[in-house]
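First the structure, in the form of structure tokens, and then the observations on it.
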Amino acid sequence: MSNLQPVRGTHDLMFDDIRRHRAIEDAAFEIAGRYGYGEIATPVFEATEVFTRTLGDTSDIVTKEMYTFETKGGERITLRPEGTAGVARAFISGGLAQQTPLKFFYREAMFRYERPQKGRQRQFHQIGVELLGVPGPQADVEVIALGHHILTALGVAGNIKVELNSLGDSESRAAYRDALTAFLSGHMETLSPDSRERLQRNPLRILDSKDPADRQLVANAPRYSDYLNTTSKDFFAAVQEGLARLDVPFNLNPGLVRGLDYYSHTAFEFTTDALGAQGTVLAGGRYDGLIPSMGGPATAGTGWAAGVERLAMLIPEPAAAVRPIAVVPVGAAEVQVAEKLAHTLRLQGFAVELGYSGDMGKRLKRANKLKARAAVILGADEVRDGVVTLRDLDSGEQKKVTQAELAQHLKV
RNA sequence: GCGGGUGUAGCUCAGUUGGUUAGAGCAUCGGUUUGUGGUACCGAGGGUCGCGGGUUCGAGUCCCGUCACUCGCCCCA
């Protein structure tokens, strides 16, 4: 039926697309493993409360972007819009507080009811890491260095800037929020309509407004750095020194704030200008307040998430699929021998394609299309003599080898 | 959620001020080649012009609606 289409904002992944996704996820998983991060897979859906209590009542994610529904049993369920809340819930419900520090890596689908654009789907994929139970700045440094390491390995670090800021501890944050609100309240006429709205809900977000008038106003507003208390300042300085020691380049961005309420101290974003308005490729920060806010024991946390679709648009061509070997029977009489030979080769570890139909010419043509590196040709003569004709499909050279020696000749 | 752009073959795109049977390249399939792929040549198939309605003697072309994609805003990875 021609009117059957994927649901808005969803896509089928196959061929090169999924190879790109896997290349990203596999590289990230392997590198995170070197830092001691083990994989965690939490459920696709959680009790709605898990997200409403952690993301903040005012965030757009909670107010308009969640896929929330009621089950037959009357539970309120939400498809996860992000990964951190689920990991925190797992930490609490699994009683893992005795096992810190804990390091988790995840690669999962996320769901947000947003208007689709390039690099923004309703079902999308994130990789992410969470480091739980380390209150010191070395945790922030490690996690940022890990992100930078992964993007370097993927070959995209050259197009990406690391932006860094500190939101301070809750005391500093509250002090600054009051100062900023007081200042901006005196300039209501100049503020954009969006920012007037933000002044009520989340005044810090005005700092990264794109409206020109807002930007000018913000330039003269109180500076966040002036409101950090000594603890916060020392913490931020230690993060910067740690990154410098590891040769991770970064830019300070005083306008960088987080959309989600549970962040404190370090906030960072890895951005590119190659993706238009969806330039943030990896982002995260410290969220010491998250687990306590969900009713768990006071536990420090820091981590990030990266958008796989966005990274997939940046990485170079993924490694080509393995080039198979084609087993080609000359005529119908040799098909069964060919099938047996193909099976034997597969058991020996080779990737083998066996054309499903057609004469020798068609099968070779198909082998060529599959980028087979060699053809193993079996005709009446070969079967009689216990040999095969081995043809190199790049050079066109061919020779007869015994079936016993075939595996030796096929080794790369 | 708000504002703009675009929808013609599997893909990339032509299609004149509304006028016969809607075209090209690539891809696909077949043949030149009954034990040899890639290159070349020859040929074939493939379209309810996104969908629905309207105007008109006549709509791929004009109008309205709708869906999808896309750019920006919002938000975010």
Side-chain angles (χ1 to χ4, degrees), chain A residues 1-11 24 55 58-65 81-84 107-128 147 151 160 192-195 197-198 201-202 205 208-211 214 257-260 268-272 275-284 303-314 326 328-334 355 358-383 389-398:
Chain A
M1 287 172 71
S2 58
N3 60 348
L4 254 196
Q5 293 176 336
V7 172
R8 183 164 155 85
T10 67
H11 289 99
I24 290 162
L55 298 177
T58 59
S59 77
D60 275 37
I61 291 184
V62 169
T63 55
K64 48 188 206 201
E65 295 178 2
E82 58 97 38
T84 304
R107 41 173 147 188
E108 313 252 48
M110 306 291 167
F111 306 85
R112 292 183 196 172
Y113 190 81
E114 294 187 277
R115 179 144 175 184
Q117 276 178 236
K118 187 170 65 171
R120 179 204 280 179
Q121 282 90 52
R122 289 183 170 181
Q123 174 174 341
F124 63 106
H125 300 83
Q126 290 187 333
I127 52 174
L151 297 196
I160 283 175
S192 66
D194 277 337
S195 287
E197 178 85 6
R198 282 186 277 233
R201 293 195 347 250
N202 194 350
R205 294 240 54 136
D208 65 356
S209 170
K210 287 174 186 166
D211 183 272
D214 287 352
V257 289
R258 305 277 62 209
L260 309 181
F268 53 90
E269 278 184 19
F270 290 35
T271 62
T272 176
L275 295 179
Q278 275 67 243
T280 300
V281 133
L282 180 154
W304 51 254
V308 176
E309 280 81 359
R310 292 183 185 180
L311 287 171
M313 289 187 282
L314 297 176
V328 178
V330 168
E334 292 82 34
D359 61 19
M360 181 176 176
K362 284 208 187 91
R363 287 175 191 253
L364 278 172
K365 197 171 222 171
R366 208 170 300 135
N368 194 56
K369 204 163 296 166
L370 292 166
K371 299 189 165 61
R373 49 186 246 252
V376 172
I377 298 167
L378 271 170
D381 298 350
E382 284 88 347
V383 171
T389 296
L390 178 58
R391 180 176 179 86
D392 184 309
L393 290 177
D394 292 326
S395 67
E397 287 166 20
Q398 61 183 45

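Below, chain A is the first sequence line, B the second, and so on; all start at residue 1. Only this structure's heavy atoms are used, side chains among them; waters, hydrogens and symmetry mates stay out.
- Taking only side-chain nitrogens and oxygens, A/Arg198 comes nearer than 4.0 Å to OP1 or OP2 of B/C75.
- Taking atom C1' in both B/C49 and B/C13, one finds a spacing of 13 Å when rounded to whole Å.
- When rounded to the nearest whole Å, the span between CG of A/Leu370 and C1' of B/U28 equals 15 Å.
- Residues satisfying the side chain to side chain donor-acceptor pair (under 3.5 Å) criterion with A/Thr280, sequence neighbours excluded, are A/Glu269.
- Side chain of A/Gln121 to backbone of A/Pro116: no donor-acceptor contact under 3.5 angstrom is found.
- For B/C73, the OP1/OP2 oxygens have a side-chain nitrogen or oxygen of A/Lys210 closer than 4.0 Å.
- Using a 4.0 Å heavy-atom criterion, one finds that A/Gly119 contacts the bases of the nucleic acid, with or without backbone contacts as well.
- When rounded to the nearest whole Å, the span between CD of A/Glu114 and C1' of B/G72 equals 15 Å.
- Side-chain N or O atoms of A/Arg363 include one that pairs as donor or acceptor with a backbone N or O of A/Gly355 at under 3.5 Å.
- The CZ-P distance, from A/Phe111 to B/A77, rounds to 16 Å in whole Å.
- Across all strands shown, B/G72 forms a Watson-Crick or G-U wobble pair, both distances under 3.5 Å, with B/C2.
- Here B/C75 presents its C1' atom at 15 Å from CG of A/Asp214, a figure rounded to the nearest Å.
- At a threshold of 4.5 Å between non-hydrogen side-chain atoms, the residues A/His11 and A/Pro6 do not count as touching.
- Put simply, CG on A/Leu275 is 13 Å from P on B/U70, counting in whole angstrom units.
- Straight-line distance between the P atoms of B/G30 and B/U39: roughly 15 Å, to the nearest whole Å.
- Within the shown strands, B/C67 is the pairing partner of B/G7 under the Watson-Crick or G-U definition, both distances less than 3.5 Å.
- Atom CD of A/Gln278 and atom C1' of B/C71 are 10 Å apart (whole Å).
- Within the 4.5 Å cutoff, side-chain heavy atoms of A/Thr389 are placed close to those of A/Glu382.
- Within 4.0 Å of A/Glu309, counting heavy atoms only, lies no atom of the nucleic acid at all.
- With both ends at atom C1', the span from B/C71 to B/G10 equals 27 Å, rounded to whole Å.
- For the side chain to side chain donor-acceptor pair (under 3.5 Å) test, residues two or more places apart in sequence or in another chain that qualify with A/Arg391 are A/Gln398.
- With rounding to whole Å, A/Gln121 atom CD is found 8 Å from B/U70 atom P.
- Among the heavy atoms of the strands, none lies under 4.0 Å from A/Gly279.
- Nucleotide B/G58 has no partner under the Watson-Crick or G-U criteria, as no pair reaches both atom distances under 3.5 Å.
- Using atom P as the reference point in both B/G47 and B/C41, the two lie 27 Å apart (nearest Å).
- Of all nucleotides present, none satisfies the Watson-Crick or G-U wobble test against B/G38 with each distance under 3.5 Å.
- When each of A/Ala306 and A/Pro116 is assigned the nucleotide of RNA chain B bearing its nearest heavy atom, the one mapping closer to the 5' terminus is A/Pro116.
- For the P atoms, the distance from B/G52 to B/U8 is 15 Å, rounded to whole Å.
- In terms of heavy-atom proximity, A/Ser209 sits nearest to A/Arg198 at OG-NH2, 3.5 Å.
- For A/Arg115 and B/G3, a side-chain-to-base donor-acceptor distance below 3.5 Å is present, hydrogens and geometry of angles not being considered.
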A/Gln126 vs A/Glu108, test: side-chain contact (heavy atoms from CB on, under 4.5 Å). Steps then yes/no. CA-CA 6 Å; A/Gln126 290 187 333; A/Glu108 313 252 48; over 6 Å; no

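- The same atom, C1', is picked in B/A9 and in B/C26; the two are 12 Å apart, to the nearest Å.
- Counting atom types as modelled, A/Gln117 pairs a side-chain N or O with a base atom of B/C73 as donor and acceptor under 3.5 Å.
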At under 4.0 Å between heavy atoms, how does the protein contact nucleotides 30-45 of chain B? Give one character per nucleotide, 5' to 3', with B, S or -. S----BBBB-------

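- Nucleotide B/G18 is matched to nothing when pairs are restricted to Watson-Crick or G-U wobble geometry with both distances under 3.5 angstrom.
- Searching all strands for a Watson-Crick or G-U wobble partner of B/U12 with both distances below 3.5 Å returns B/A24.
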Using side-chain contact (heavy atoms from CB on, under 4.5 Å), reason through A/Met313 and A/Lys118 one step at a time and then give a plain yes or no. CA-CA 10 Å; A/Met313 289 187 282; A/Lys118 187 170 65 171; 3.7 Å; yes

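- Look at CG on A/Asp211: it is 18 Å from P on B/G3, rounded to the nearest Å.
- For the C1' atom pair drawn from B/G58 and B/A22, the interatomic distance equals 16 Å after rounding to whole Å.
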Checking side-chain contact (heavy atoms from CB on, under 4.5 Å) for the pair A/Val281/A/Leu151: CA distance, chi angles, key distance, verdict? CA-CA 10 Å; A/Val281 133; A/Leu151 297 196; 4.1 Å; yes

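- Across all strands shown, A/Phe124 has heavy atoms under 4.0 Å from base atoms, whether or not it also approaches the sugar-phosphate.
- Of the C1' atoms belonging to B/G46 and B/G25, the separation is 15 Å, rounded to the nearest Å.
- Across all strands shown, A/Ala305 has heavy atoms under 4.0 Å from sugar-phosphate atoms exclusively, and none from any base.
- When distances run from any side-chain atom of A/Arg8 to the nucleotides B/C75, B/A68, B/C71, the shortest one goes to B/A68.
- In a base pair of the Watson-Crick type (N1 to N3 plus N6-O4 or O6-N4) or a G-U wobble (N1-O2 and O6-N3), with each distance short of 3.5 Å, B/C49 is matched with no nucleotide.
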